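These notes concern the structure reproduced below.
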Amino acid sequence: MDNNEDYNKNLLEFERKIEAEEKIEPRDWMPDEYRQHLIRQMSQHAHSEVIGMQPEGNWVNRAPSLRSKKILIAKIQDEGGHGLYLYSAAETLGVSRDQFVKWLHEGKAKYSSIFNYPTLSWADIGAIGWLVDGAAIVNQVSLCRTSYGPYSRAMVRICKEESFHQRQGYEIMCDMMNGTEDQRKMAQDAMNRWWWPSLMMFGPTDNDSPNSQRAMKWKIKRESNDKLRQKFIYKTVGQAEFIGLTVPDPDLNWNEEAQHYDFGEIDWNEFYEVIKGRGPCNKQRLETHIKSHQEGEWVRDTAREYNRLKQEVKKELV
Amino acid sequence: MSNQTEKGELWEVFLQSKSGLAFKHAGSVHGSDAEIALQNARDVYTRRNEAVGLWIVPSDQIAAAPSDSDSFFDPADDKVYRHPTFYNVPDGVKHM
């Protein structure tokens, strides 16, 4: 009985904080479901940053100029950094980074489906920066107001850095649209392949998103999937038209009354197929991550051994 | 080098000024243990409601970059392309 009373008292205080827009900090009491939701969402977010380095890494050696190569490397480095911000925020929930990586390798943790698509041409690097990072920005700006303190602070830090990512992507698209006929075709082809998967990044429609409601109630999420998707479309369509790219959706129409774009049906079958592991690159992405993790073992071993020897020398000197 | 003085150990103090903000370094206090040092830190640094959160860390547990750290930070000096202002966005493009 006492336990139950304690739980209810804690829950009331927790809900008061959420209601008052106060952040929850690692040492505060939180319902187990809140903690579990954050562990899932934040680790998935961290994995996405790290796995996201692969499709871009594919073009480092083939970047068309030294300038673009340096930029691409800097962007990939940022993605790795974003993964680290997020892992460190997620670790405040009492799960170690080793465990997060283990769950990823065992297929128990997911990452954003978008990174299971291949990067076939240089224009894809432009499309990723502009569309994929553009969609991520819409999501992450909203998450700056999430109720969990460490997650919110990581999001603020990440958002500050994302702006360069989107601009460099759009610059690539601009350059290609101002280039030769072949380059314009290449840019449009990238647009055609990345548009729909970018819309899928926001997740299922609100009616089909079972975890969303509780996450909204506890202010882990601040805006619904559909609302965020709509925001992204609103921001992006004009940018596409400005440089002469066509959005590959015949049903896309400005709805004056609703003040938003109506758009065509997303292929949810494709979305769920990719989530279930049957996307074009799922197997390759995970295998690459596991392989490079294993190949890095000697670095971790060496660091441990170096530290052990240093302690030994210290002891001898005392 | 010992952290121990006759006033107790030295602790570095970090304050969170508002719910959700990051903790920031405020200064240091002495205290014979964490409990005493926390109370001292409260009395020294938060007399005017400056904080909703307070951390203390033993000073000798903090590792720092070299104080003459120009070369330590210089890898970022020649990477102007990490800033959004480096990129050309045509006039008239919105929401970027």
Side-chain angles (χ1 to χ4, degrees), chain A residues 17 20-28 67-75 77-78 81 129-130 134 137-138 144-154 156-157 160-175 177-178 231-232 234-243, chain B residues 1-4 11-26 34-35 37-39 41-42 45-46 49-58 60-65 72-96:
Chain A
K17 279 187 199 158
E21 294 289 329
E22 285 174 32
K23 300 291 183 209
I24 306 300
E25 295 294 339
R27 285 157 182 255
D28 295 346
R67 179 186 186 272
S68 54
K69 186 173 187 166
K70 281 180 0 181
I71 291 168
L72 183 56
I73 291 172
K75 178 177 188 301
Q77 198 179 17
D78 271 1
W130 170 44
I137 288 171
V138 170
C144 288
R145 289 166 53 237
T146 188
S147 59
Y148 188 54
Y151 194 22
S152 159
R153 292 190 285 274
V156 170
R157 202 173 274 273
K160 277 187 194 155
E161 298 180 355
E162 288 284 3
S163 170
F164 130 53
H165 297 183
Q166 197 191 19
R167 281 172 179 228
Q168 66 86 31
Y170 192 64
E171 196 188 73
I172 292 174
M173 295 309 255
C174 285
D175 287 349
M177 290 308 284
N178 286 326
K231 266 191 184 177
F232 169 71
Y234 177 79
K235 287 169 71 148
T236 312
V237 170
Q239 295 167 358
E241 285 168 351
F242 194 90
I243 53 174
Chain B
M1 195 177 65
S2 168
N3 202 26
Q4 203 71 37
W11 305 76
E12 297 301 318
V13 179
F14 297 84
L15 301 180
Q16 185 186 37
S17 60
K18 218 181 112 196
S19 169
L21 294 183
F23 284 72
K24 268 194 185 162
H25 185 244
E35 196 187 340
L38 270 174
Q39 292 180 6
R42 175 197 60 199
Y45 291 102
T46 68
N49 292 99
E50 284 92 339
V52 296
L54 174 61
W55 287 345
I56 55 167
V57 180
D60 64 357
Q61 292 297 306
I62 291 181
F72 186 78
F73 295 111
D74 73 8
D77 285 353
D78 57 354
K79 296 178 181 65
V80 61
Y81 46 87
R82 282 178 177 159
H83 298 274
T85 44
F86 180 76
Y87 298 90
N88 297 316
V89 177
D91 291 345
V93 172
K94 286 183 192 149
H95 310 297
M96 196 173 290

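Note that the coordinates shown come from a computational prediction; the quantities given were computed from them, not determined experimentally. To find a chain, count down the sequence lines: A is the first, B the second, and so on, and within it residues start at 1.
- The shortest heavy-atom contact between B:Val93 and A:Tyr170 is CG2-OH, 3.5 Å.
- Between chain A and the residues B:Gln16, B:Lys18, B:His83, the largest count of heavy-atom pairs under 4.5 Å involves B:Gln16.
- Crowding of B:Phe23 atom CZ: a count of heavy atoms from other residues, nucleotides or ligands under 6.0 Å exceeding 12.
- Neither the backbone nor the side chain of A:Glu161 comes within contact range of chain B, judged by heavy atoms closer than 4.5 Å.
- In this structure, no portion of A:Lys160 lies under 4.5 Å from any heavy atom of chain B.
- Summarising the geometry of A:Phe242 relative to B:Asp91, their closest heavy-atom pair is CZ-O, 3.0 Å, with the distance given to 0.1 Å.
- With a threshold of 4.5 angstrom between heavy atoms, B:Lys79 does not approach chain A through any atom at all.
- When the candidates A:Arg67, A:Glu21, A:Arg27 are compared by the number of heavy-atom contacts under 4.5 Å with chain B, A:Arg67 comes out ahead.
- Between A:Trp130 and B:Met96 there is a side-chain heavy-atom pair separated by less than 4.5 Å.
- Note on ring orientation: taking the six-membered ring where Trp is involved, the planes of A:Phe164 and B:Tyr87 are parallel (angle under 30°, cut-offs 30° and 60°).
- In terms of heavy-atom pairs under 4.5 angstrom with chain B, the leader among A:Glu25, A:Lys70, A:Glu22 is A:Lys70.
- Side-chain atoms of B:Ser19 come within 3.5 Å of backbone N or O of A:Lys23 as a donor-acceptor pair.
- Of all the listed residues (A:Gln166, A:Lys75, A:Glu241), the one sharing the greatest number of non-hydrogen pairs under 4.5 Å with chain B is A:Gln166.
- Both the backbone and the side chain of A:Arg167 come within less than 4.5 Å of a heavy atom of chain B.
- Between the side chain of A:Gln239 and the main chain of B:His95, a donor-acceptor pair closer than 3.5 Å is present.
- For a residue to count as touching a neighbouring chain, one of its non-hydrogen atoms must lie under 4.5 Å from one of that chain's; by this rule A:Gln77 touches chain B with the side chain only.
- Between A:Ala74 and B:Tyr81 the shortest heavy-atom distance is CB-CE1, 3.6 Å.
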